[in-house]
Peer 1: 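Pasting a structure here, questions to come.
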Amino acid sequence: MKKIILIVSLILLNQYQAKTIRDSAYVAPETLNRFDFDDDCDACGCAAGNGSSGFESLLNPQFIGIKYFAQHYKAKENLFVKDLTQDQYFNTLQLWGKIPLTKKLSVYVSLPFHFHEKKTMQGDIRINGIGDLNLMGIYQLMSSKDNFHHLSGGLGVKIPLGKFDEKGASGVNPSFQLGTGSWDYQAALNYKFQKNKVAVLVNTDYTIKTENRKNYRFGNQWNYAATGFYQVAGNEKSIFSVKTGVQGEVYAQNKQFDEALPNTAGSALYGKLGFEASYKKLSLGSELMLPMYTHLAGGDIEAQSRFSVFLNIGI
């Protein structure tokens, strides 16, 4: 089982890792009794957020771990170029954890480190540094007696630790940033159905973004996702599950000095495929997302792919 997990992870990482180019489901009931939420993601690359590969349904209900999240976009070079010629790569290495406070209440925390790059006619532009800190309280609202149905809700806040560059916000992709520079607030709702070897997770969240000190405000954001899991193999010590589903994102217009900015709203829908596995207290997962529909920044930006991989330790 450990060899299978390692081989699959290395294959996915080798093929889909974002880089510079020239160019469960039966899972033991206690492992699915919690409901996890998508990370908030600002339009066109999550540069000002924490990444939106989605909260994995981790096989350890309480954990600390690390996640790598990569995204690739195509964008217009400038207003005078018709074609989408500019490659933009958004990479995030994230420390995260889910810590129980009571039987029904837990706290989720994540701290990202971003290293982004875009390739322009004038040369490559790179930014890197700490991103915004995310905190969320998660509360179990309902759990059926047969343990098939679970409903949880959450409220969260994003603390602006990442740097916001006002000059960068005037480009084709205003989200080529390390942070929003603003305090943002999130509400989330998550439903899980699990029976035998099949599990289905459905979640939605909404992020309210506020104006930062530079009088710039990123548009509010709505995320939604549905993911199905099927357990391929498992025993007392290990579980291996595959997953597939869809994830959508809708962004409102950005504003500056309370004036709506053109070509900043948009939406995208992704199909996703991945796996999750656990061995004792260790859990490993990976996910590839490809766009089914993309219309970002009024068509000036096009999503290409997303990839994530995480490794967690149960606590």
Side-chain angles (χ1 to χ4, degrees), residues 13 15-23 39-54 67-94 112-132 162-181 216 218-219 221 223 247 249-251 253-254 261-270 272 287-309:
L13 185 59
Q15 290 182 351
Y16 301 112
Q17 179 181 6
K19 54 186 176 182
T20 301
I21 305 174
R22 282 291 165 187
D23 154 32
D39 291 316
D40 70 297
C41 164
D42 292 287
C44 313
C46 303
N50 266 1
S52 181
S53 66
K67 180 172 74 172
Y68 170 70
F69 181 43
Q71 302 173 86
H72 177 203
Y73 293 85
K74 284 279 190 180
K76 283 189 177 182
E77 188 77 19
N78 53 56
L79 297 177
F80 306 103
V81 175
K82 182 178 180 180
D83 297 327
L84 304 179
T85 59
Q86 184 183 97
D87 284 299
Q88 299 185 350
Y89 299 98
F90 294 78
N91 298 273
T92 299
L93 194 62
Q94 176 176 294
F113 184 87
H114 301 300
F115 45 108
H116 305 325
E117 176 183 14
K118 60 181 177 181
K119 308 180 76 62
T120 74
M121 291 184 293
Q122 291 75 34
D124 298 348
I125 299 176
R126 299 182 179 89
I127 59 174
N128 61 80
I130 193 171
D132 294 336
K163 180 182 178 181
F164 171 79
D165 181 8
E166 185 179 12
K167 182 179 179 180
S170 64
V172 174
N173 188 350
S175 286
F176 192 77
Q177 305 279 349
L178 298 177
T180 61
Y216 196 95
F218 286 93
Q221 178 181 339
N223 296 333
Q247 178 173 316
E249 298 161 2
V250 180
Y251 309 99
Q253 282 185 303
N254 298 351
L261 300 175
N263 295 336
T264 54
S267 60
L269 179 66
Y270 296 85
K272 56 184 180 179
E287 188 172 83
L288 172 67
M289 299 174 62
L290 296 175
M292 302 169 63
Y293 167 82
T294 171
H295 187 76
L296 301 170
D300 290 346
I301 298 173
E302 185 177 273
Q304 298 292 299
S305 64
R306 291 179 178 179
F307 169 77
S308 67
V309 61

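Since the model is a prediction, treat every value here as computed from it, not as a measurement.
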Peer 1: Please walk me through it: do Lys76 and Asp300 pass salt bridge (Lys or Arg N to Asp or Glu O under 4.0 Å)?
Peer 2: CA-CA 6 Å; Lys76 283 189 177 182; Asp300 290 346; 3.4 Å; yes

Peer 1: Please report the shortest heavy-atom distance between Gly299 and Leu84, naming the atom on each side.
Peer 2: O-CD2, 3.9 Å

Peer 1: How long is the span from the CZ atom in Phe164 to the CD atom in Gln177, to the nearest 0.5 Å?
Peer 2: 5.0 Å

Peer 1: Please list, chain by chain and in numerical order, all residues satisfying side-chain hydrogen bond (donor to acceptor under 3.5 Å, both in side chains) with Gln253, sequence neighbours excluded.
Peer 2: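 Counting only residues at least two positions away or on another chain, Gln253 forms no side-chain hydrogen bond (donor to acceptor under 3.5 Å, both in side chains).
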
Peer 1: Can you check whether Gly179's main-chain N or O pairs, donor with acceptor, with Asp132's side chain at less than 3.5 Å?
Peer 2: no

Peer 1: If you round to the nearest 0.5 Å, how far is CD1 of Ile127 from CD of Glu117?
Peer 2: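 The distance works out to 11.0 Å.
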
Peer 1: Return the minimal non-hydrogen interatomic distance between Ala169 and Tyr216, and the atom names on each side.
Peer 2: CB-CE1, 3.9 Å

Peer 1: Using the test side-chain contact (heavy atoms from CB on, under 4.5 Å), find all partners of Ile125 that sit at least two apart in sequence or belong to another chain.
Peer 2: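 Applying side-chain contact (heavy atoms from CB on, under 4.5 Å) to Ile125 gives Lys118, Thr120, Phe176.
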
Peer 1: Looking at Tyr73 and Ala303, what are the two nearest heavy atoms and their distance?
Peer 2: CD2-CA, 3.6 Å

Peer 1: Quick one: CD on Gln71 to CD on Gln304, what's the gap to the nearest 0.5 Å?
Peer 2: 12.0 Å

Peer 1: Of all the heavy-atom pairs spanning Lys119 and Gln86, show the shortest one and how long it is.
Peer 2: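 Looks like O-CG, 3.0 Å.
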
Peer 1: Could you give me the CA-CA distance, side-chain angles and deciding distance for Asp124 and Arg126, then say whether salt bridge (Lys or Arg N to Asp or Glu O under 4.0 Å) is met?
Peer 2: CA-CA 7 Å; Asp124 298 348; Arg126 299 182 179 89; 3.6 Å; yes

Peer 1: I would like to know whether Gln88 and Asn173 meet side chain to side chain contact (heavy atoms under 4.5 Å, CB included); could you show each step before the answer?
Peer 2: CA-CA 9 Å; Gln88 299 185 350; Asn173 188 350; 2.8 Å; yes

Peer 1: If you take all heavy atoms of Asn254 and Gly219, which pair is closest and at what distance?
Peer 2: OD1-N, 2.8 Å

Peer 1: Measuring from atom CG of Leu178 to atom CZ of Phe113, what distance do you get when rounded to the nearest 0.5 angstrom?
Peer 2: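 So the gap between those two atoms works out to 8.0 Å.
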
Peer 1: Return the CZ to OH distance between Phe307 and Tyr68, rounded to the nearest 0.5 Å.
Peer 2: 8.0 Å

Peer 1: Search all heavy atoms of Phe69 against all heavy atoms of Ser308 and return the closest pair with its distance.
Peer 2: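 For Phe69 and Ser308, the tightest heavy-atom pair comes out as CD1-CB, 3.9 Å.
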
Peer 1: Go through the side-chain N and O atoms of Thr92 and His114 and say whether any donor and acceptor fall under 3.5 Å apart.
Peer 2: yes

Peer 1: Apply side chain to side chain contact (heavy atoms under 4.5 Å, CB included) to the pair Leu93 and Phe115, showing each step before the final yes or no.
Peer 2: CA-CA 8 Å; Leu93 194 62; Phe115 45 108; 4.2 Å; yes

Peer 1: Atom CD in Glu302, atom CG in Leu296: separation rounded to 0.5 Å?
Peer 2: 9.0 Å

Peer 1: Donor-acceptor pair, Thr264 side chain versus Leu261 backbone, under 3.5 Å?
Peer 2: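 Yes.
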
Peer 1: Is a donor on one side and an acceptor on the other found under 3.5 Å between the side chain of His116 and the backbone of Asn91?
Peer 2: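 Here the side-chain-to-backbone pair exists.
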
